[in-house]
Amino acid sequence: MILRLSGPFDLDATLCCGQVFRWERRDDWWLGVVGDDVLRVRQEGDVLEFSGVDEVFIKHYFSLDHDIIKIAEEIGKDGYIKAALRAYWGLRLVRQPPWECLVSFICATYKSVAAICQMLQKLSAKFGEGLSFEGYEYYAFPSADRLAAASLAELESCGLGYRASYVLETAIMVSNGRHDLVSIGRLPYEQAKRALLDFPGVGLKVADCVLLFSLEKTEAFPVDVWVKRILQRYYIDHFDADFARKLATQRGLSDSSYARLNAFGRAYFGAYAGYAQEYLYHYERCFANRKLEKGNRAYAKAKMS
DNA sequence: ATTTGCCCTGGTGT
DNA sequence: AACACCAGGGCAA
């Protein structure tokens with residue numbers, strides 16, 4: 001099927017920016033499993049070609065209803081974010097199934113993206129329902145019920161390490177029906193965040209990722225080591241000297257420091273702070289780090305405000 | 001209220 | 001080839 005895009009969209013950036021882990025490239029197609037559907041997509045200019053699902057699904061999953069131009073005007077507060085917007089223009093948030101998203105980011109702690117992909121792949125192959133699509137075998141992401149019935153050893157065999165018990169306990173909580181992700185998603189941002197913190201393995205950062213990537217809280221602003229670095233490099237003037245020194249010296253990121261950086265992101269970028277976070281994050285990881293030398297980075301900073 | 005050490009394991013670079 | 005090194009945090013002491 002063919003869909004002519006009416007707004008900016010960059011499929012590659014959208015799938016590579018660290019929000020999803022179960023898409024793979026085969027030739028010039030992207031293949032993914034979403035819920036119980038296997039689908040493939042490719043983009044050529046303003047034409048999106050796809051199969052496996054209908055147009056309504058594609059528009060919803062890739063957030064094609066979001067007005068990127070308006071969002072960019074709203075979050076484009078300075079030269080640095082504008083450069084990121086330019087570099088990956090058309091990057092969009094994906095509306096992921098909440099359960100898979102929750103497990104993904106519980107598994108993501110202290111792991112590289114490649115390792116996260118592998119853990120989720122093993123989990124799906126071991127516990128997920130088999131789905132065949134155009135001659136290949138795929139697996140749906142296992143339900144909470146299925147994972148709740150798994151043993152700790154089985155989960156560990158998927159490479160989860162100490163995350164196995166977090167996933168198991170979380171699966172049991174969801175499976176019991178006492179913690180419903182859809183209901184949590186209906187709460188306002190702060191309340192939904194508090195509710196997510198009940199799950200073992202879910203701290204402030206994981207909660208913000210789940211809120212942003214699957215519960216449609218576009219104001220969520222996850223702060224990981226990359227975002228912390230970005231804020232230190234380009235936005236440090238927005239914080240007092242004491243806090244700046246604290247950020248530079250403390251090893252990880254305490255809850256209070258997290259809360260401050262997170263609050264800044266939401267106050268500064270506004271209702272679509274999550275979009276700002278994704279553009280900044282992807283830009284810093286893929287573009288600024290490699291292609292820009294220190295001189296250019298200083299240049300980018302000089303262009304701010 | 002904050003800080004510190006530990007958690008498992010696979011990917012990546014040398 | 002084998003072997004450090006460490007990664008997109010959370011938790012408990």
Side-chain angles (χ1 to χ4, degrees), chain A residues 13-24 84 88 91 93-94 96 100-123 125-126 151-171 173 193-214 220-233 242-243 245-262 265 273-274 276-290:
Chain A
T14 298
L15 293 179
C16 290
C17 66
Q19 54 178 332
V20 289
F21 303 101
R22 293 223 307 138
W23 281 86
E24 62 168 326
Y88 294 106
L91 184 161
L93 291 169
V94 161
Q96 297 182 43
E100 177 173 349
C101 185
L102 175 61
V103 175
S104 298
F105 284 94
I106 288 176
C107 290
T109 70
Y110 223 74
K111 274 293 182 191
S112 62
V113 172
I116 299 164
C117 293
Q118 185 166 322
M119 286 188 279
L120 298 174
Q121 182 52 38
K122 284 183 181 172
L123 270 182
K126 193 173 176 71
S151 73
L152 196 58
E154 284 178 313
L155 293 177
E156 283 171 344
S157 77
C158 295
L160 298 198
Y162 62 86
R163 303 161 195 81
S165 60
Y166 298 157
V167 171
L168 181 56
E169 288 176 47
T170 296
M173 288 167 71
K193 191 168 180 176
R194 268 199 298 280
L196 288 174
L197 293 176
D198 282 348
F199 294 114
V202 177
L204 295 172
K205 190 265 178 179
V206 172
D208 271 320
C209 286
V210 175
L211 289 167
L212 180 60
F213 301 137
S214 72
F221 189 81
V223 180
D224 54 37
V225 293
W226 291 95
V227 172
K228 180 189 171 189
R229 254 173 242 160
I230 291 164
L231 295 177
Q232 285 181 288
R233 276 181 192 156
D242 280 346
F243 185 60
R245 206 172 311 117
K246 186 174 178 181
L247 282 181
T249 53
Q250 80 181 358
R251 198 171 48 76
L253 195 61
S254 65
D255 279 2
S256 65
S257 294
Y258 183 99
R260 247 176 112 167
L261 296 178
N262 174 258
Q277 192 269 7
E278 280 303 282
Y279 276 94
L280 290 172
Y281 171 81
H282 194 50
Y283 183 62
E284 186 72 6
R285 286 199 70 191
C286 300
F287 189 74
N289 260 0
R290 265 198 283 281

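So you know, we letter chains A, B, ... as the sequences are listed, proteins then strands, and number each from 1.
- For A/R163 against B/dC8, a side-chain N or O and a base N or O form a donor-acceptor pair under 3.5 Å.
- In this structure the side chain of A/L93 reaches within 4.5 angstrom of the side chain of A/F213, judged on heavy atoms.
- A residue-by-residue look at A/F199 and A/I116 shows that A/I116 has its nearest nucleotide of DNA chain C further toward the 5' end.
- Taking atom CZ on A/R260 and atom C1' on B/dA1, their separation rounds to 15 Å, with Å as the unit.
- Comparing A/Y110 and A/A114 along DNA chain B, the residue whose closest nucleotide (by nearest heavy atom) sits nearer the 5' end is A/Y110.
- Distance, A/L204 CG to C/dC11 C1': 13 Å, rounded to whole Å.
- Heavy-atom distances to DNA chain C give each of A/G201 and A/Q277 a nearest nucleotide, and the one nearer the 5′ end belongs to A/Q277.
- Here the nucleotide nearest the side chain of A/R251, chosen from C/dA7, B/dG5, C/dG9, is B/dG5.
- Per the geometry, CG belonging to A/L253 stands 16 Å off C1' belonging to C/dA7, to the nearest Å.
- Atom CD1 in A/I106 sits about 9 Å away from atom P in C/dC11, given to the nearest Å.
- When the nucleotides B/dC6, C/dA7, B/dT3 are ranked by their closest atom to the side chain of A/K111, C/dA7 comes out on top.
- When all heavy atoms of A/N262 and A/F221 are compared, the closest pair comes out as ND2-O, 2.9 Å.
- When heavy atoms are screened at a 4.0 angstrom cut-off, A/P200 is found touching the sugar-phosphate backbone but no base atom.
- Shown here, C/dC5 forms a base pair with B/dG11; the pair counts as Watson-Crick or G-U wobble because both key distances fall under 3.5 Å.
- Between atom CZ of residue A/R163 and atom OH of residue A/Y110 there is a gap of 10.0 Å, rounded to the nearest 0.5 Å.
- Whole-Å rounding puts the A/F21 CZ to C/dA7 P distance at 16 Å.
- Within 4.0 Å of A/V206, counting heavy atoms only, lie sugar-phosphate atoms of the nucleic acid but no base atom.
- To the nearest angstrom, P of B/dT4 lies 11 Å from NZ of A/K246.
- Between A/F105 and A/F21, a ring centre-to-centre spacing shorter than 6.0 Å is recorded.
- A donor-acceptor contact under 3.5 Å links the side chain of A/Y162 to the base of C/dG9.
- Distance A/R229 CZ to C/dG9 P: 9 Å, rounded to the nearest Å.
- Electrostatic pairing of A/K205 and A/D208 does not count as a salt bridge here, judged by no charged N lying under 4.0 Å from a carboxylate O.
- Listed nucleotides C/dG9, B/dT2, C/dA7 differ in distance to A/S256; the shortest reach to its side chain belongs to B/dT2.
- Put simply, NZ on A/K205 is 7 Å from P on C/dG10, counting in whole angstrom units.
- Nucleic acid contact class of A/G203 (heavy atoms, under 4.0 Å, all strands): sugar-phosphate only.
- Considering CG of A/L196 and CD1 of A/I106, their distance stands at 9.5 Å, rounded to 0.5 Å.
- Among the protein residues, A/Q250 comes within range of the sugar-phosphate backbone only, with heavy atoms under 4.0 Å from sugar or phosphate atoms but none that close to a base.
- A/F105 comes within 4.0 angstrom of nothing in the nucleic acid, heavy atoms only.
- Nucleotides B/dG5 and C/dC6 are separated by 16 Å at their C1' atoms, to the nearest Å.
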